[in-house]
Every structure is written in C-alpha cells, then in structure tokens.
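Only this structure's heavy atoms are used, side chains among them; waters, hydrogens and symmetry mates stay out. In the text below, chain A, chain B and the rest are named by the order of the sequence lines, each starting its count at 1.
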Protein chains: 2
Amino acid sequence: MWDGCGRPRNRLGAVLEVRNPADRPEADADSRPLPPEDAVTATIRDVARRAGVSPITASRAFSGTHPVAEETRRRVFAAAEELGYVPDLLARGLVHRRSPMIGMVVLELANPFVNPIIDGVQAVAFERNHLLIVNQSLRSREMEEASLSRFRQMRVAGVLVAPISPDLRHLEELRAQGVPVVVFSRRWAGGDYVTVDDCEGGRIAGEHLVRLGHRRVGFVALGEAGNTAVEARLEGLLNALQRGGAVCRPEWRLFTRQQTPEDGIAAADLYAQLAERPTAMFVTADRVAIGFVHRLRERGLRVPEDVAVVGYDDIHYSQFLEVPLTTVALPKHELGRRAAEILFRRIEGNDAGGPPQQVLLQPRLVVRRSCGAGAETR
Amino acid sequence: MWDGCGRPRNRLGAVLEVRNPADRPEADADSRPLPPEDAVTATIRDVARRAGVSPITASRAFSGTHPVAEETRRRVFAAAEELGYVPDLLARGLVHRRSPMIGMVVLELANPFVNPIIDGVQAVAFERNHLLIVNQSLRSREMEEASLSRFRQMRVAGVLVAPISPDLRHLEELRAQGVPVVVFSRRWAGGDYVTVDDCEGGRIAGEHLVRLGHRRVGFVALGEAGNTAVEARLEGLLNALQRGGAVCRPEWRLFTRQQTPEDGIAAADLYAQLAERPTAMFVTADRVAIGFVHRLRERGLRVPEDVAVVGYDDIHYSQFLEVPLTTVALPKHELGRRAAEILFRRIEGNDAGGPPQQVLLQPRLVVRRSCGAGAETR
DNA sequence: TAGTGGTATGATAGCGTTATCAGGATACCG
DNA sequence: CGGTATCCTGATAACGCTATCATACCACTA
C-alpha cells in the first residue's frame with residue numbers, strides 16, 4: 001500500500017539564495033546587460049521582406065492607420081505568421097511617446113475592498129487594449145510618489161490614483177506634464193475624480209439608527225490625519241443624529257491605526273471599557289466591523305440586542321458573518337469602471353482640456369441583522 | 001437649517017457617452033495619433049548639454065553601468081533636476097529588448113484568494129524595480145493567451161501564470177522565445193512552478209474528519225475538466241478516508257460551476273436532497289463553504305452537530321463567519337513571493353538554463369468550529 | 001623610456017517602429 | 001485628352017536611449 005500522496009515530497013522545495021537587495025548600483029534604475037543568448041525575434045522588416053513590401057506598408061497592415069490592399073494585407077499577415085512576428089510595443093511606444101498601459105495606485109492590495117475596483121478598471125482597460133499596472137501605496141506618500149514616478153518613466157497613457165493625502169499637488173504636476181490623471185475614492189478640486197458621497201453614507205447610517213430608536217451612537221474609523229472620507233462620514237452621521245435628537249459624544253469616537261479586523265477587536269475592547277456605552281456603533285469599514293462584532297460577542301455582548309452595529313463598504317462576506325452585517329454599500333465595481341472610462345476619454349483626446357469630470361456615486365443602506373431591523377438578506 | 005450634506009448633489013455625476021467598442025480598426029492594435037499638444041519632455045541629450053557632457057556620460061551617470069567621476073555625476077543630476085528630466089524606460093527597453101515589468105495572469109481578480117498572492121508578488125517586484133502588470137483570465141484559455149501575448153508585445157522581463165488548463169504548450173513556446181515563465185497554483189512538468197501540495201491538503205482534511213469519527217464524507221469542488229488541483233484534493237481525501245475505514249461515495253461528490261458563495265448555496269440544496277447524507281463535507285474552497293454553511297443553517301441543519309464542514313484556502317474571513325470555519329490553510333503570500341523570486345532569478349540570468357525550480361508548499365489544517373473539534377481560533 | 005592597467009569620456013551606430021512627405025497608379029469627369 | 005480625386009505604396013528621418021568601440025589621461029612597473 002501507498003503512503004497517501006504518492007508524489008515526490010519536497011517540503012521546502014528547492015532552496016533559493018536570499019539576494020541582498022543592496023548589491024545593486026546606487027543609481028535609480030537597474031539596467032543590466034542583455035541576457036547571454038538572445039532568441040532572435042523577427043522584426044517588421046523581416047516580415048516586410050518576406051511579404052515583398054516595404055516595412056511601412058507592413059506596419060500599416062498591422063496598425064490599420066492607413067488603407068492597405070486586401071491582398072497585400074493577407075501577404076503581410078501570412079509572413080508574420082510564418083516568422084512568428086510579434087510587434088514591439090516598446091518601439092511603437094517610443095514613437096508615440098506613450099505606452100498602451102494605464103497605471104493604478106491603490107491603498108492596499110490586501111484589502112478585499114479593492115478587488116471589485118481593480119476588476120472594474122481592468123475590464124475597461126482590457127477592452128481598450130491597454131494593460132493595467134497595479135501598485136499599492138500602503139498609505140505611504142513616498143510609495144505613492146514612487147509608483148507614479150515609475151509610471152511616468154514607462155510613459156503610461158494615464159493614471160488612476162487613490163491618493164493617501166488630500167494634498168494633490170504631485171498629481172497636478174503630473175497632469176501638467178501631459179499625463180491624464182483620475183482620482184478615485186477622494187475628491188480633487190480642479191481635477192477628475194470618481195468617489196462616493198461619504199457624507200450621504202454617514203447620513204443614511206445615522207438615520208437608520210435614529211429610526212430604530214437609538215439616542216447614543218458611537219463611531220469607529222481610521223484615525224488618520226487628513227482623511228476627508230472619515231470626516232465626511234462623521235459629518236453625515238452627526239447631521240442625521242442631530243435631526244433625530246441623538247448624540248455622538250467625542251469620547252464615543254474611536255480611532256484605529258489601520259483597517260483590519262484586528263483593529264476592530266481593539267476597538268471593541270475600548271468600547272467595553274466606556275463608562276457610559278452607546279447603544280449603537282457606526283463602524284466605517286466592514287473589515288473593522290467584522291472584528292468588532294466578533295470581539296463584542298466574545299465578551300458576552302449581544303449584537304444587535306446590546307449593541308447595534310452599522311458597517312461601511314459592504315464587502316462580499318458581510319452577509320455571511322456570524323451576525324450578518326447591516327452596512328452602507330458602495331458601488332465599487334462601478335467606481336472602478338467609471339474612473340477608467342473617464343481616464344480613457346482623456347487619453348483618447350476627445351476631452352483633453354475639457355472641464356473636470358467629477359462623479360459622486362451614491363451609497364445605499366443594506367439592512368441585515370446587526371441592527372435588529374427587519375432581517376432581509378438583501 | 002441645512003439639508004444634511006451641504007455639498008453640490010449630483011446623483012449621477014456627469015453623463016458619459018457610451019463608446020462603441022466596435023468603432024476601431026479591425027487590426028490588433030490601436031495606434032492613434034499623438035495628442036494634439038505635447039508637453040515637451042527633456043531628453044538625456046538636453047541634460048547632457050546643460051551639464052556640459054556627452055549624452056553617453058549622462059546615461060552612465062543614471063544607469064551606473066560605467067564609472068563616472070563624482071563631480072560629473074553631480075553636474076548631471078543637477079541638470080536633470082533643473083530640467084525635470086525623467087528617463088524614458090521605453091527607449092531604454094527598446095535597446096535592452098526588455099522592459100522592467102513582469103506580467104501576471106490570475107484566474108479572477110474578484111476572488112479574495114488572490115489578494116495575498118498578488119501582494120507577495122508585488123512586494124518582490126517593487127523591490128527589484130519592476131512594475132507588475134496584472135490581468136485576469138476569468139478561466140478562459142483565450143483570455144489567458146491574449147494576456148500573455150500582450151505581455152510579450154510589451155517585452156516584459158518575465159511572466160507569472162496561474163494557467164487555466166493543464167495543457168501548457170503555450171507557456172513552453174513563450175519560454176522558448178526567451179521569456180522566463182513561472183507557473184503558480186499548478187504543476188508544470190518541465191518548468192518552474194510554485195504550488196501547494198493539494199493531495200496533502202485533501203489528506204489532512206480527511207484525516208481530521210476520520211479522527212472525529214466520521215465514516216461518510218462528501219466532497220464539493222469546482223466541476224471543471226482537467227482541474228488537477230481538485231483531483232489531487234479528492235485523491236488525498238480518499239486515501240485518508242480509506243485508511244480510516246470511511247467512504248466518499250460518488251453521489252456525495254458535488255460539483256459547482258464556479259467558486260462563489262452562491263455555488264455553495266446551490267451545493268447545500270443538493271446536499272439536503274440526498275437520500276443518505278454524509279455526516280461531513282469537504283468543501284474545497286472557503287468562498288463556497290461560506291455559502292454552503294449559510295444555506296444549511298437556513299434549512300435548519302446545524303453545523304457542526306448535523307454536518308461537519310472543512311473548507312480550503314483559509315481566506316481572511318473564515319474565522320469570523322457565523323460558524324468559524326475549520327479549513328485547510330495555504331501559504332498564499334509566500335506562494336506569490338516565492339514564485340516572484342524564482343522568476344527574478346531567471347530574469348537576472350544567474351539561472352537562465354538551470355534545472356526547473358519546482359516548489360511544493362505545504363498546507364496546514366486550521367481547526368475552528370465547523371467540525372466540532374476543539375474550538376481554537378488559530 | 002616603453003609598457004601595462006585602470007579610469008573617465010566621447011563618437012558612432014543602432015534597437016523596432018511610425019510620422020511625414022512624396023509619389024505612382026487607377027478611376028472618373030468633363 | 002487633361003484634370004482631379006482616391007487609393008495604395010515607398011524613402012527618409014526621427015523617437016530616446018545605450019552597446020560597442022575608440023581614445024585620452026594618469027599612475028605605476030620594469
């Protein structure tokens with residue numbers, strides 16, 4: 001008989017040397033020599049020769065910028081096929097001073113919130129024959145700028161950014177240099193952006209809680225200087241509460257370092273220690289709300305009976321949690337799609353100097369169980 | 001008083017024309033003319049002139065390939081600074097016949113399973129001064145090939161692929177043309193790959209269930225032809241069951257179309273209709289398990305009392321579900337990192353013709369509550 | 001003095017593609 | 001027949017950069 005998994009076992013795999021990242025030239029770029037052997041690739045000249053036409057004609061057959069006789073076109077394509085010709089987009093890009101790619105900077109790839117956004121962007125880019133370069137800033141201004149600089153060096157056709165700070169001068173500069181820029185998940189006074197109406201998001205969360213009778217409402221958010229999204233959500237919440245005769249005292253506003261479930265756990269511990277506890281909490285990120293609810297229950301607090309919780313984002317799993325989460329849903333895929341569409345309008349030049357395109361998408365409340373209202377599951 | 005959100009309301013945002021994707025030349029690429037006005041960018045020649053050196057010297061100051069006197073270097077950098085010079089990586093790439101980018105094809109961006117993998121790859125790429133291009137194949141061979149073809153046209157330095165089918169001839173061809181290729185999430189007989197030992201994953205799931213006394217075990221997986229990962233997991237499961245005196249009858253093996261929670265819901269409905277039900281189910285994707293468990297509970301079946309469930313992947317939320325999921329955890333971030341490291345060894349040429357690097361990472365069982373064993377939360 | 005090796009710079013010639021300018025061919029019109 | 005328009009093709013010259021070869025200088029050795 002046989003041991004269960006009859007394959008060569010190699011627990012660690014081949015051992016890889018750890019390379020020292022410091023052993024490279026100090027200069028900005030790494031331009032190492034050509035690889036030793038070089039599989040010769042056919043150029044458009046080879047194709048042209050074989051098809052018995054000039055390289056220019058061959059070029060036109062591929063790019064379709066000028067008319068080419070059907071018969072010629074067939075010969076060129078046949079020759080290309082035989083030679084395994086693949087056009088060199090670097091060379092084409094050098095001529096056009098632009099490469100068929102768009103760059104995107106997201107805050108963090110590890111956040112499931114960004115998947116649908118990237119997905120939306122990618123769909124549009126693919127359709128438009130552009131590649132998508134994705135970098136993350138990890139909420140560091142330095143990394144954001146580094147990514148943008150790289151994009152520019154690659155002469156990307158355009159750039160989508162979720163900026164980490166409200167200071168967007170670097171984006172203005174980039175735009176001034178002729179690179180179309182669209183911001184998402186934030187506003188941009190003189191520029192194109194697509195974002196969600198966070199004030200409205202806060203408002204609908206607050207209204208819902210007021211309607212359910214809550215008079216003391218707490219707030220959990222990312223505690224980051226200059227995060228206007230957080231400010232807007234709080235503003236919306238406060239407005240709704242005020243009109244409903246409810247309050248959110250400053251000591252009930254808890255701020256987290258990041259946006260992980262672990263931050264929610266920490267927030268729940270803080271909540272539990274409050275002298276006078278709010279009966280409801282608006283937790284402005286589902287990822288955080290997940291940990292928050294989890295920890296409350298560990299501590300013997302019931303959700304929604306003892307504490308009502310409203311989340312934000314409506315990430316995909318919120319409906320399957322231990323307590324399905326009532327939350328403010330954002331049109332994430334649409335956000336990515338719209339941002340990309342605006343970018344391509346700029347790129348294609350129909351709209352180069354046009355007025356700023358500023359899109360404010362509307363959030364909507366998804367009522368589940370964490371507030372104790374009618375438990376519809378969307 | 002004021003209406004709650006004192007900002008210009010624009011529910012739909014600016015109206016965008018829907019562009020007809022068909023109104024472009026039939027040829028493969030879109031090479032449109034230059035944008036009307038062109039912000040002139042300084043070239044290395046301008047920098048050189050200003051610094052009083054030849055362009056070659058300036059080039060060397062930036063790339064660090066040849067020694068340049070400290071004083072000269074300073075002058076060049078100063079000139080670059082003054083002119084706002086940004087090196088053109090397209091031009092450099094044209095010379096090197098390679099661009100500082102790596103391409104990555106994942107199955108689907110919308111799956112939270114891929115986030116940590118992309119994250120791992122991105123970290124390595126960023127460190128190595130390379131950009132990461134991400135495409136998704138959406139499980140379509142055609143899209144996979146299209147992405148790879150685009151990558152090749154951009155002369156990417158290397159490619160990471162999670163192939164949709166076990167037929168990897170297109171990858172062999174790509175490699176033969178001099179593009180380093182590393183496969184992940186699948187094996188590749190003659191090539192580099194990093195994947196998880198799925199047979200072992202099935203085995204540890206099966207062993208766990210046997211140990212808990214289950215004798216009838218079902219299986220839920222993606223029902224896709226040629227999915228060797230699924231086959232391996234089933235094989236491992238069956239081995240473990242056999243040794244423990246348990247069975248997984250064919251009619252207890254349920255296959256889904258995709259890997260969404262909705263597929264899990266459908267699978268739960270099938271399960272409920274079985275004449276004789278298994279007491280445990282091995283659901284080979286947490287996303288599916290989430291829906292599966294959810295629906296079982298909706299139907300009044302208790303987890304784990306009536307049905308034990310083991311998942312696969314250990315996506316981030318599995319611990320926060322209505323029933324925290326016992327699951328087979330995969331080292332996703334490490335998988336991405338390792339794959340990228342192998343790729344860069346090839347790219348940097350230290351290892352160009354070396355033997356295949358084949359890494360099999362080991363999964364591990366994370367015991368939570370969905371099987372009724374000791375409810376440790378990791 | 002001639003020879004050797006290392007260092008710093010430059011001139012030339014591409015890398016593969018397409019914009020631009022210039023035709024040659026064909027067709028249709030009066 | 002000449003003229004004008006349309007369609008197709010070609011020669012030349014970039015795009016911005018760097019590999020390659022060549023040179024000039026200095027310091028040291030024999």
Would you kindly give the [atom1]-to-[atom2] distance between [X] and [N], to the nearest whole Å?
| X | N | atom1 | atom2 | value |
| --- | --- | --- | --- | --- |
| B:Arg74 | C:dA8 | CZ | P | 13 Å |
| B:Asp88 | D:dA14 | CG | P | 18 Å |
| B:Glu70 | C:dA8 | CD | P | 10 Å |
| A:Glu71 | D:dT9 | CD | C1' | 14 Å |
| A:Arg152 | D:dG16 | CZ | C1' | 14 Å |
| A:Leu90 | D:dT18 | CG | P | 13 Å |
| A:His96 | D:dG16 | NE2 | C1' | 15 Å |
| B:Arg75 | C:dT9 | CZ | C1' | 12 Å |

Counting side-chain heavy atoms from CB outward, which of [options] is closest to [X]?
| X | options | answer |
| --- | --- | --- |
| A:Thr65 | D:dC8, D:dT18, C:dA19 | C:dA19 |
| A:Thr43 | C:dG16, C:dT9, D:dC17 | C:dG16 |
| A:Arg92 | C:dT18, D:dG16, D:dT18 | C:dT18 |
| A:Arg60 | C:dT18, C:dG10, C:dT20 | C:dT20 |

Practice problem: Report the residue (B:His66 or B:Leu94) whose heavy-atom-nearest nucleotide on DNA chain D is the more 5′ of the two. | Solution: B:Leu94
Quiz prompt | Which residue lies more 5' along DNA chain D, comparing B:Ile44 with A:Val68 via nearest heavy atoms | solution = A:Val68
Exercise. For the pair A:Asn115 (side chain) and B:Leu109 (backbone), establish whether a donor and an acceptor sit closer than 3.5 Å, ignoring hydrogens and angles.
Key: yes
Quiz item: Does A:Thr57 reach the main-chain N or O of A:Val53 with its side chain, forming a donor-acceptor pair under 3.5 Å?
Solution: no
Using 4.0 Å as the upper bound for N to carboxylate O, is an ion pair formed by [Y] and [X]?
| X | Y | result |
| --- | --- | --- |
| A:Arg175 | A:Glu172 | no |
| A:Glu173 | A:Arg169 | no |
| B:Arg74 | B:Glu71 | yes |
| B:Glu144 | B:Arg139 | no |

Quiz item: Taking atom types as modelled, is there a side-chain donor on B:Arg155 or B:His96 under 3.5 Å from an acceptor on the other?
Solution: no
Practice problem: Enter the inter-axis angle for the ends of the helix from C:dT1-D:dA30 to C:dG30-D:dC1 (five pairs per end, rounded to 10°). | Solution: 50°
Quiz prompt | Under 4.0 angstrom between A:Ser59 side-chain N/O and C:dT18 OP1 or OP2 | solution = yes
Quiz item: Which heavy-atom pair separates A:Pro355 from A:Arg346 by the least distance, and what is that distance?
Solution: O-NH2, 2.9 Å
Exercise. Tell me which residues in residues 45-57 of chain A put a heavy atom below 4.0 Å from DNA chain D, sorted by number, or none.
Key: A:Val53, A:Ser54, A:Ile56, A:Thr57
Quiz item: Picking from A:Arg337, A:Arg338, A:Arg345, what satisfies side chain to side chain donor-acceptor pair (under 3.5 Å) with A:Glu341?
Solution: A:Arg337
Practice problem: Show the numbers, then the answer: is there a side chain to side chain contact (heavy atoms under 4.5 Å, CB included) between A:Phe126 and B:Gln136? | Solution: CA-CA 10 Å; A:Phe126 193 85; B:Gln136 59 184 340; over 6 Å; no
